[in-house]
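Beneath this line is the structure, given in structure tokens, with notes to follow.
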Amino acid sequence: MIEINALSLKINEKTILDDLKLDIKEGSIFGFLGPNGAGKSTLMRCICGVYKPTSGSIKIDGEDVFDNARAKGKIFFVNDETIQYTSMTLTELKDYYKNYYVDFDEATFEKLLSRVNLPRDSKLGSYSKGMKRQAIVIIALACKTPYLILDEAFDGLDPAMRMAVKSMITDEIIDRGATVIVSSHNITEISEICDSAMLIHEGKILFSDEIDDITSRFSKLQIVFRGNAPDEEAIRAAGIEALMITVTGSVVQIVANAGEQEAKERAWTLGPEIVEAVPLTLEEIFIYEMEARGYAGFFSEGNA
Amino acid sequence: MQGSLARVMRDVKSERRINSKITDIYYILLIIILFTSSFLSGDENIWYSEFGEMSYVLSAFSYALHLPLAVIIIIYCAKLFRDVHSSTQADVIMSLPMSAAQRYFSKFASFIMLIVLPYIAMAILSIAGILIANSLVWDSMIPVKYIVISVLTRYYAGVVGIMFIGAVSFVCSSFSVNAIEAVITSAISCTAATLLPIFCYSNLLLGSSYLTFAHKNYFVYDIWTFTPIVTCLEDLDQYYFRPDLDTIPLLLGMAVNIIISLLVTAIGVKIYKKRDKATLTYNRISLPFLFCIIMLLVIDIWLYNINTPTTAYIGYGFLIVGFAGFVLLLRRRGFKTLRLLKWGIGFVAAPVVFIGLCAIVYFTDGLYISKAPKYIDGSLQIYINIHTPCTTLPEWIEPDDEVFKEETEICVRDASREDYEKILSVMDGYTVNPKSFSTFLDFMGLYKNGSYDQDIMSASFLEDRYHIFSDGTEEYLIRTNVMKESALTPDGEEGEEGEIEYEPESSTSVYGFTKGIDEAKLIEAVKAINPRVSIYHMNFQSEVVYHIDEDGVKEEFHYNDRDDEDEETVETDEQGEIVQ
């Protein structure tokens, strides 16, 4: 289990992570979501011992991680770059990591390699970005660490590659019950493979939970009035904490920061003709949450 | 333990793989340089018969050949620390299951296994190469032991040098934010740290000792630009490397130096352990080190120019430039006025402390260290020179030359170290302008105090030493320069292959202005210490020599014709009449 408690990180007097508290359970696939510069990657690096926290603690199975070889031996970190060690061949890179991870499993490496058919004796510099990503993911999985941390692991991959990498991760993780932390801009992707997620913004965690719980805490309603619909102010006055309100003639669409039942009950107090729940995706929740916090920039091409 | 060793070996293997290009270049250079260096460094043994004194240039070149290796080592060390110089590498390496201390030790192990050990192996091979060549090609009579020691001296120095460069580079790479900064700070630190003791010894310590009985030593440094380095290296060579052509002091020296290098390397661990990825973009750890490097460089330049009024301003100029550069550096890192002021005070305090230390050295005549080196055991020839300033100059002398019309040289033959000390005490009695605050300012190049219009007296000595070769030939050693075809044998007779004109440098000299010398009185005082004295009296046209010993005085008259450079020796009888 990864326990993050009162974690803060300051670089050059600037607060990058601010008083974070987060628990990541063993065997879960946990998604880190947030806009660029929110602190996802920095938090991942703190978990891997790359950054030393200014205050607070990060414990892996009860041990502090920074400068602790044993705790770090339980983690494999795949960062968002693919340029490291391009002078090595895949076999050499495998041998390099094999030096450090005692549980490295050659059979797993060979099995995964046979699925993607990467040239093992070509320099990594000659690989495409997707091939490099596949190579490092194969090595990461073969290291058999209980915790695998993937920073923007699917970024820049074509759909086929993305599928191949994703299935390698999920198959392997399901087999041995490891914990995976994935960061991505692509909320759909996260919602597909993750069972838990958190949203981070400006170094603070906005919310964190299992995805089902998150979606159950929000609801999207379509409300139809006889005649003109009430204005936004009147809707909010009814006690609806709305992330988004769209009024079109006699129809109002609301994304509420409340469960479906509660939101419906408050909506009926406005005297509408019809109140019905509309399916709400995780992506919509995060987008509207970010918009509500004045960060429309969260929309990006990766969200598609 | 076994597991740790296996892990370290795996780390070394990984490093070899990652830095394969630079290590390959290093190995190729190692082969070329060490074999070339070995053959050039047999200066006194092999090349002297071929090239004469040119062999010393070849010998110096054999040291200079090591410079490319030094550069490669600095770059290699910087590459070892790629985790604290590159953001991407930081992610990979810092997340590996190793503590900072383990990572640092792995780097050090890689340095030893991939840099130091190959150097030692190649050095041994090259020594074997020169021995084979020496016996098969040159058919030399020189004992193998002497050749081995001569070549080995370079490699002892090489190993010590590599360890030192590695240690300094490890520290500099540990605090630097990128590879370029690491290479630049390492190169500057290695150079500055190497020169500092040389300049301290040669310019400060010896400079202050020279002034025991006066306050000037222009005539040493104004003429020979590189005298500080040469003097120090020569003294080190005599004192330390091969006092009796024996390897034990050398090995001891190497051990001490390597221990110091290891201690310096250990400082790097402390710095390295404080580094995380955040310090790549904002690294305050480096500031005290950058401060020290700038100060070290400034003090080196200051020391080099100390005591030479014509160039003293260069040192002070660099002090100001260094100060401005450091303030600029702090400004770039966003330091506010108060913090700038604190560092500024530090920058001013360092030179003040340095001046204070110089004053201590100056007023204690070089910390009361004896002016005669400790290696003197044998018989000495001590020279006391008394120069009288020119009032009228002959036509062939440029008016600007600082020359002396007349010179008297008192040579004490077969003297001992004790005699030398006593003679210096006698000369102290002739001191003019004893050390004072104003002479100290003069010494520091801050205030011109001297004058050429006084008599100048100097003392120097030569030591007679011999070396016996395997064929039984006794060779005369002047300092450590073994002359295969030496002109002199221990009896003072010409050797079989004589005719070499070689004027050895004296090993230590003292210079100073005097308050007027009663030469007769001085000669009597010297004779009282040691009666075996020769007196040479010279001017531009002539030289008169008196040899004095227990049996009395023998006088020679040498006529020196300046126009045709021919020299004629005229013997005189007891009444001073020329014998035709």
Side-chain angles (χ1 to χ4, degrees), chain A residues 9-14 16-17 41-42 44-54 60 64-89 91-104 136 139-140 143 145 147 149 151, chain B residues 3-4 6-24 79 82-84 86-106 109-110 177 269 272-285 332-336 339:
Chain A
L9 178 72
K10 284 184 180 178
I11 299 175
N12 193 12
E13 311 297 328
K14 190 181 169 194
I16 310 296
L17 300 175
S41 298
T42 307
M44 285 187 151
R45 284 164 175 80
C46 282
I47 295 171
C48 298
V50 174
Y51 282 110
K52 184 182 183 182
T54 309
I60 291 183
D64 275 319
V65 71
F66 186 77
D67 206 22
N68 182 342
R70 198 166 59 176
K72 287 202 282 186
K74 295 176 182 174
I75 305 169
F76 194 102
F77 176 50
V78 178
N79 72 353
D80 51 350
E81 301 272 356
T82 51
I83 56 165
Q84 62 267 41
Y85 304 140
T86 46
S87 61
M88 288 187 184
T89 64
T91 308
E92 286 170 342
L93 189 67
K94 182 253 302 180
D95 289 341
Y96 176 77
Y97 280 104
K98 198 179 161 184
N99 285 343
Y100 300 104
Y101 291 92
V102 286
D103 294 329
F104 189 92
I136 193 70
I139 290 169
C143 285
T145 52
Y147 298 92
I149 299 180
D151 190 11
Chain B
S4 303
R7 191 182 52 76
V8 167
M9 292 310 293
R10 286 200 303 267
D11 292 341
V12 172
K13 202 173 146 191
S14 297
E15 282 300 339
R16 171 77 180 97
R17 196 175 287 136
I18 291 162
N19 289 318
S20 58
K21 273 186 193 162
I22 192 163
T23 41
D24 288 348
K79 285 178 89 74
R82 59 193 177 280
D83 52 336
V84 287
S86 151
S87 174
T88 311
Q89 302 290 344
D91 283 347
V92 175
I93 298 171
M94 289 182 185
S95 65
L96 289 174
M98 296 168 86
S99 66
Q102 284 170 334
R103 289 201 307 271
Y104 192 86
F105 184 73
S106 285
S110 300
V177 291
V269 189
Y272 183 75
K273 283 177 89 169
K274 290 184 178 172
R275 298 293 302 269
D276 69 350
K277 194 177 175 179
T279 59
L280 262 77
T281 48
Y282 185 70
N283 181 13
R284 282 197 169 171
I285 299 164
R332 280 191 63 184
R333 295 195 176 194
F335 275 56
K336 301 286 182 293
R339 288 182 68 88

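Letters go in sequence order (proteins before strands), and every chain restarts at 1. Keep in mind that what you see is a predicted model, and the values were worked out from it rather than measured.
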B/Arg10/B/Glu15 ion pair, N-O < 4.0 Å: no
Ionic contact status for A/Arg45 with A/Asp151, cut-off 4.0 Å: yes
Proximity breakdown for B/Thr281 and chain A, heavy-atom pairs closer than 4.5 Å: side chain
Side chain, backbone, both or neither of B/Asp11 within contact of chain A (heavy atoms, under 4.5 Å): both
Toward chain B, the part of A/Phe76 with a non-hydrogen atom under 4.5 Å: neither
Those residues that, when tested against A/Tyr147, pass side chain to side chain donor-acceptor pair (under 3.5 Å) (two or more places apart): A/Asp61
Partner set under side-chain contact (heavy atoms from CB on, under 4.5 Å) for B/Ser99, not counting sequence neighbours: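 A/Asp67, B/Ala101, B/Gln102.
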